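Structure first, then comments.
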Amino acid sequence: MNCHYDRSLSKNIISLEKAKEKLNKNVEILSEGMAIIPTEFATELFCYEFKGKAFDNDFLIYINAETRKRRRYSYDC
């Protein structure tokens with residue numbers, strides 16, 4: 001997979017506010033943005049990326065921008 005090439009991204013994406021609804025209310029959001037993440041099937045997903053903190057742990061949380069499904073968590077960033 002190459003990182004730098006033209007992609008056709010869906011125009012049917014959810015709003016940032018809808019993505020935030022999927023987050024645990026105990027997570028303090030430190031930053032938010034968009035990301036394209038690789039999958040285990042050698043494809044990519046267009047996601048909202050949230051960096052946050054809860055219970056003394058750092059998190060990266062990815063919400064699929066098309067389906068609102070949580071895709072991946074990373075701890076202790």
Side-chain angles (χ1 to χ4, degrees):
M1 233 190 288
N2 291 324
C3 295
H4 301 285
Y5 63 92
D6 291 332
R7 295 170 170 88
S8 5
L9 300 174
S10 174
K11 302 214 185 302
N12 187 26
I13 64 170
I14 63 171
S15 67
L16 176 63
E17 290 74 29
K18 286 283 185 194
K20 283 182 178 180
E21 290 175 5
K22 296 296 286 185
L23 301 175
N24 185 308
K25 303 301 179 207
N26 294 318
V27 176
E28 174 191 359
I29 302 301
L30 304 174
S31 67
E32 56 198 29
M34 303 294 295
I36 297 174
I37 61 169
T39 71
E40 61 272 16
F41 305 108
T43 60
E44 298 174 320
L45 293 174
F46 191 37
C47 296
Y48 285 99
E49 178 185 73
F50 298 95
K51 184 175 183 181
K53 190 172 197 75
F55 309 111
D56 274 338
N57 292 308
D58 294 325
F59 296 90
L60 279 176
I61 303 166
Y62 295 94
I63 307 293
N64 186 310
E66 294 180 272
T67 65
R68 287 184 63 203
K69 291 184 180 178
R70 277 181 276 191
R71 287 299 301 173
R72 184 182 298 170
Y73 297 93
S74 296
Y75 302 95
D76 297 322
C77 307

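All values derive from a computational prediction rather than experimental measurement. What you see below is based on every heavy atom in this structure, not just the backbone, and it leaves out hydrogens, waters and symmetry mates.
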*asked:* Using a 6.0 Å cut-off, check whether atom CG of Asn24 has over 12 heavy atoms from anything other than its own residue.
replied: yes
_Test of understanding: clusters of I, L, V, M, F, W, Y form through side-chain heavy atoms closer than 4.5 Å, transitively. Do Leu30 and Leu23 belong to the same one?_
no
*Would you indicate whether the side-chain heavy atoms of Val27 and Phe50 approach each other to under 4.5 Å?*
no
*Value rounded to 0.5 Å, distance of CG in Leu45 from CD1 in Ile63*: 12.0 Å
*Kindly compute the distance separating NZ (Lys69) from SG (Cys47), expressed to the nearest 0.5 Å.*
12.5 Å
*Roughly how far, to the nearest 0.5 Å, is CD1 of Ile13 from CD of Glu66?*
8.5 Å
*To the nearest 0.5 Å, how far apart are CZ in Phe59 and CD1 in Ile29?*
10.5 Å
_Can you tell me how far apart OG1 (Thr39) and CG (Asn64) are? Round to the nearest 0.5 Å._
11.0 Å
*Would you mind reporting whether Met34 and Tyr48 have side-chain heavy atoms less than 4.5 Å apart?*
yes
*Who pairs with Lys53 by side-chain hydrogen bond (donor to acceptor under 3.5 Å, both in side chains), at least two apart in sequence or on another chain?*
Asp58
*Can you list the residues that meet the salt bridge (Lys or Arg N to Asp or Glu O under 4.0 Å) rule with Lys20, with sequence neighbours excluded?*
Glu32
_How long is the straight-line distance from OG1 of Thr67 back to CG of Asn12, given to the nearest 0.5 Å?_
11.0 Å
